Colleague: 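Once you've had a glance at the structure underneath, I'll fire off some questions.
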Amino acid sequence: MKTQVTPETIQAQEFFHIPFWQQPPVDIFSRRALRLNELAAEDNSDWQPYLQLLAVINNAQQNLLEQYAQEAWVIPDTDKDEVPLTLALLSANRGLTERLFTDLHALLQADLSPTAQQVWKELLQLDSESRNQLCQHAFNQQLGIAQQDYQVWVNAVVQIVYTHAALNLAATTVKPLSEPGFCPCCGTDAVGSVIVGQGELEGLRYLCCGVCNSRWHSVRARCSFCDNSRDLGVHRIEQVKEGVLAGAEAECCPSCHAYRKRYRLAKQQYADPIADDLASLALDILLNEEGWQRGGANPFLLMGKIPRH
């Protein structure tokens with residue numbers, strides 16, 4: 001008897017498989033450092049020194065990600081309805097996190113301004129519990145104005161902890177969430193998305209996490225905030241033909257009036273949602289003037305202000 005072939009059975013074959021979750025690359029921070037330096041070279045604004053500083057920080061993060069790879073990290077068990085990486089990861093690895101603060105400061109010390117040195121002095125003088133609370137607030141995106149000076153450094157440490165954990169997860173443990181804009185690995189709000197530029201996944205949208213640096217597939221025809229699928233718009237600065245703004249766009253939803261930025265890898269092959277977000281704030285300014293509300297949490301965008309560095 002001849003087997004009946006249908007479009008559904010064809011698309012179920014491995015050739016058509018769309019991976020839902022992608023682990024961060026093992027060299028994610030060094031890649032981001034290269035992109036930040038590239039963007040800094042193109043930038044003539046007051047943000048240029050900050051982009052350069054972030055490149056230095058990312059190189060230090062890569063160093064520590066590799067250095068701590070063989071340490072005795074603990075990934076706490078979670079309930080079946082929870083994401084694999086929760087707030088408990090910080091408490092379970094407090095000793096390693098404490099060492100990360102010390103080692104990160106040692107790697108950055110030569111590149112820090114007197115202002116940043118003073119901030120680090122205050123940070124290292126805090127007791128262990130206070131630093132742990134800062135990490136938890138950073139993970140929950142709840143650092144307030146009073147903690148703003150600490151934000152860059154604390155988020156850098158939190159990223160190392162959660163990126164290392166994500167690199168050691170099995171893909172089968174990461175499941176889609178009912179709210180597509182939140183990371184299925186650690187539960188935090190996506191910083192933005194990329195549109196794959198080539199290969200079998202060309203044209204697909206992957207949302208990107210600013211904490212654990214993983215990515216997950218999300219259907220482009222739906223808003224990543226409210227799941228609306230009607231009258232979605234894409235805004236860009238049309239007259240720009242090169243540079244970061246050539247590949248940066250904003251997905252705008254008329255239902256929730258929010259937008260999330262995305263980056264076309266076909267136009268900017270090495271675009272990084274954290275780095276390119278910071279270098280494309282001109283798009284945010286225009287959208288804000290039009291009444292759109294920004295969504296997407298960038299751990300290094302400090303309330304729209306230039307940090308004390």
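The basis for the numbers below is simple: all heavy atoms, side chains too, and nothing from hydrogens, waters or symmetry mates. Treat the numbers as computed from the prediction; the structure is a model and nothing was measured.
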Colleague: Can any side-chain N or O of Gln52 pair as donor or acceptor with the backbone N or O of Ala41 at less than 3.5 Å?
Modeller: no
Colleague: Please assess Ile274 against Phe300 for the test side-chain contact (heavy atoms from CB on, under 4.5 Å), listing each intermediate value before the final yes or no.
Modeller: CA-CA 8 Å; Ile274 287 180; Phe300 300 112; 4.0 Å; yes
Colleague: About how many Å separate CG of Asp276 and CG of Leu36, when rounded to the nearest 0.5 Å?
Modeller: 8.5 Å
Colleague: Could you tell me how the ring of Trp292 sits relative to the ring of His235: parallel (under 30°), tilted (30 to 60°) or perpendicular (over 60°)?
Modeller: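 Trp292 vs His235 ring planes: perpendicular.
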Colleague: If every non-hydrogen atom of Glu249 is compared with every non-hydrogen atom of Arg264, which pair is closest and at what distance?
Modeller: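 Closest approach of Glu249 to Arg264: OE2-NE, 2.9 Å.
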Colleague: Say whether Val152 and Leu124 are linked into one hydrophobic cluster, either directly or through other cluster members, by side-chain heavy-atom distances under 4.5 angstrom.
Modeller: yes
Colleague: Please say which of Val56, Asn59, Ile57 ends up in a side chain to side chain contact (heavy atoms under 4.5 Å, CB included) with Asp111.
Modeller: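 Among Val56, Asn59, Ile57, the one meeting side chain to side chain contact (heavy atoms under 4.5 Å, CB included) with Asp111 is Val56.
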Colleague: Can Val234 be reached from Val244 by stepping across I, L, V, M, F, W or Y side chains whose heavy atoms are under 4.5 Å apart?
Modeller: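 Cluster IDs for Val244 and Val234 differ.
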Colleague: Shortest non-hydrogen contact from Pro273 to Val191?
Modeller: CB-CG1, 3.8 Å
Colleague: Taking the side chain as every heavy atom from C-beta outward, state whether Val154 and Phe101 have any pair of such atoms under 4.5 Å apart.
Modeller: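 Sidechains of Phe101 and Val154: in contact.
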Colleague: Do you know the tightest heavy-atom contact between Gln23 and Asn168?
Modeller: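 Shortest heavy-atom separation between Gln23 and Asn168 comes out as NE2-N, 4.1 Å.
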Colleague: Pick one: which of Cys185, Pro184, Ser193, Pro19 meets side chain to side chain contact (heavy atoms under 4.5 Å, CB included) with Trp216?
Modeller: Pro184
Colleague: Has the side chain of Tyr270 got a donor or acceptor atom that lies under 3.5 Å from a matching backbone atom of Leu265?
Modeller: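 No, the answer is negative, given that no donor and acceptor are paired below the 3.5 Å cut-off.
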Colleague: For Asp272 and Tyr263, does a side-chain donor sit closer than 3.5 Å to a side-chain acceptor?
Modeller: no
Colleague: When you measure from the side chain of Arg215 to the backbone of Cys208, do you find a donor-acceptor pair of N or O atoms at a distance under 3.5 Å?
Modeller: no
Colleague: Mind listing the closest non-hydrogen atom pair of Cys186 and Val83 along with its distance?
Modeller: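 Scanning both residues, the minimum pair turns out to be C-CG2, 3.7 Å.
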Colleague: Please set out all donor-acceptor pairs under 3.5 angstrom arising from side-chain atoms of residues 71-80, sequence neighbours excluded.
Modeller:
from: Glu71; atom 1: OE2; to: Arg99; atom 2: NH2; distance (Å): 2.9
from: Trp73; atom 1: NE1; to: Tyr68; atom 2: O; distance (Å): 2.9

Colleague: Might you point out which heavy atoms bring Gly187 and Phe182 nearest each other, and give the distance in Å?
Modeller: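 Reported closest heavy-atom pair: O-CD2, 3.4 Å.
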Colleague: Please check if the side chain of Glu42 supplies one atom and the backbone of Leu39 the other of a donor-acceptor pair under 3.5 Å.
Modeller: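 Answer holds: no.
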Colleague: Flag the pair Leu104 / Leu108 as yes when at least one side-chain heavy-atom distance between them is below 4.5 Å, and no otherwise.
Modeller: yes
Colleague: Go through Ser255 and Cys223 one step at a time and tell me if the side-chain contact (heavy atoms from CB on, under 4.5 Å) criterion holds.
Modeller: CA-CA 9 Å; Ser255 178; Cys223 172; over 6 Å; no
Colleague: Just verifying a value: how many Å separate Leu89 CG and Gln136 CD, rounded to the nearest 0.5 Å?
Modeller: 11.0 Å
Colleague: Tell me whether the count of non-hydrogen atoms from other residues, nucleotides or ligands lying under 6.0 Å of CD in Gln70 goes above 12.
Modeller: no
Colleague: State, to 0.1 Å, how close Leu207 and Ala190 come at their nearest heavy-atom pair, and which atoms those are.
Modeller: CB-CB, 4.1 Å
Colleague: Given the rule in the side-chain contact (heavy atoms from CB on, under 4.5 Å) test, do Leu134 and Leu126 qualify, once you have shown the distances and angles that lead to the verdict?
Modeller: CA-CA 10 Å; Leu134 282 173; Leu126 295 174; 3.6 Å; yes
Colleague: Return the CZ to SG distance between Arg222 and Cys253, rounded to the nearest 0.5 Å.
Modeller: 11.0 Å
Colleague: How many angstroms lie between atom CG of Leu85 and atom SG of Cys183, to the nearest 0.5 angstrom?
Modeller: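 Reported value, rounded in 0.5 Å steps: 8.0 Å.
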Colleague: For Asn155 and Pro299, indicate whether the former's side chain and the latter's backbone hold a donor-acceptor pair under 3.5 Å.
Modeller: yes
Colleague: List in chain and number order the residues that pass ring pair (Phe, Tyr, Trp, His ring centres under 6.0 Å) with His137, two or more places apart in sequence or in another chain; answer none if no residue qualifies.
Modeller: none
Colleague: Are any of the side-chain heavy atoms of Tyr206 and Leu201 separated by less than 4.5 Å?
Modeller: yes
Colleague: Tell me whether Asn132 contacts the main-chain N or O of Ser128 through its side chain, where contact means a donor paired with an acceptor under 3.5 Å.
Modeller: no
Colleague: So, the side chain of Gln62 versus the backbone of Phe29: is there a donor-acceptor pair under 3.5 Å, distance only?
Modeller: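 Checked: pair present.
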Colleague: CD of Glu82: more than 12 outside heavy atoms within 6.0 angstrom?
Modeller: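 Yes, because the 6.0 Å sphere around CD of Glu82 holds more than 12 heavy atoms from other groups.
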Colleague: Would you please name every residue forming a ring pair (Phe, Tyr, Trp, His ring centres under 6.0 Å) with Trp21, sequence neighbours left out?
Modeller: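 Trp21 satisfies ring pair (Phe, Tyr, Trp, His ring centres under 6.0 Å) with no residue once adjacent residues are dropped.
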Colleague: Determine, using the 4.5 Å side-chain heavy-atom cutoff (strictly less than), whether Tyr259 and Leu232 are members of one ILVMFWY cluster.
Modeller: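 They do not share one cluster, since no chain of ILVMFWY contacts under 4.5 Å joins Tyr259 to Leu232.
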Colleague: For the residue pair Gln133 and Glu129, confirm or rule out a side-chain donor-acceptor distance under 3.5 Å.
Modeller: yes
Colleague: For Ala138, does its backbone N or O pair with a side-chain atom of Gln151 as donor and acceptor, under 3.5 Å?
Modeller: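 Pair absent, no side-chain N/O of Gln151 close to backbone of Ala138.
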Colleague: Taking C-beta and beyond as the side chain, do Leu100 and His164 meet within less than 4.5 Å on heavy atoms?
Modeller: no
Colleague: Determine, using the 4.5 Å side-chain heavy-atom cutoff (strictly less than), whether Leu283 and Leu51 are members of one ILVMFWY cluster.
Modeller: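 The answer is yes; both residues are in one hydrophobic cluster.
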Colleague: Under a 3.5 Å distance rule, please check whether Lys261 uses its side chain to pair with a backbone N or O of Asp277 as donor and acceptor.
Modeller: yes
Colleague: Aromatic contact between Trp47 and Tyr50, with the criterion being ring centroids under 6.0 Å apart: yes or no?
Modeller: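 Yes, close enough.
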Colleague: Test Glu251 against every option in Arg260, Arg236, Arg262 by the salt bridge (charged side-chain N to carboxylate O under 4.0 Å, His left out) rule and name the one that passes.
Modeller: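 Exactly one option meets the salt bridge (charged side-chain N to carboxylate O under 4.0 Å, His left out) with Glu251, and it is Arg262.
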Colleague: Please check if atom CD in Gln293 has more than 12 non-hydrogen atoms from other residues, nucleotides or ligands closer than 6.0 Å.
Modeller: no
Colleague: Between Asp284 and Asn288, does a side-chain contact (heavy atoms from CB on, under 4.5 Å) hold up when you go through it step by step?
Modeller: CA-CA 6 Å; Asp284 295 272; Asn288 182 260; over 6 Å; no
Colleague: Report yes if some heavy atom in the side chain of Gln109 is under 4.5 Å from a heavy atom in the side chain of Trp120; otherwise report no.
Modeller: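 Of all side-chain heavy-atom pairs linking Trp120 with Gln109, none is under 4.5 Å.
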Colleague: Any side-chain to backbone donor/acceptor pair from Arg131 onto Leu123? Under 3.5 Å, distance only.
Modeller: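 Judged by distance alone, yes, a pair lies under 3.5 Å.
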Colleague: How about Leu54 and Arg32: do any of their side-chain heavy atoms sit closer than 4.5 Å?
Modeller: no
Colleague: Decide whether Leu87 and Val161 are clustered together by the hydrophobic rule: side chain heavy atoms of Ile, Leu, Val, Met, Phe, Trp, Tyr closer than 4.5 Å, transitively.
Modeller: yes
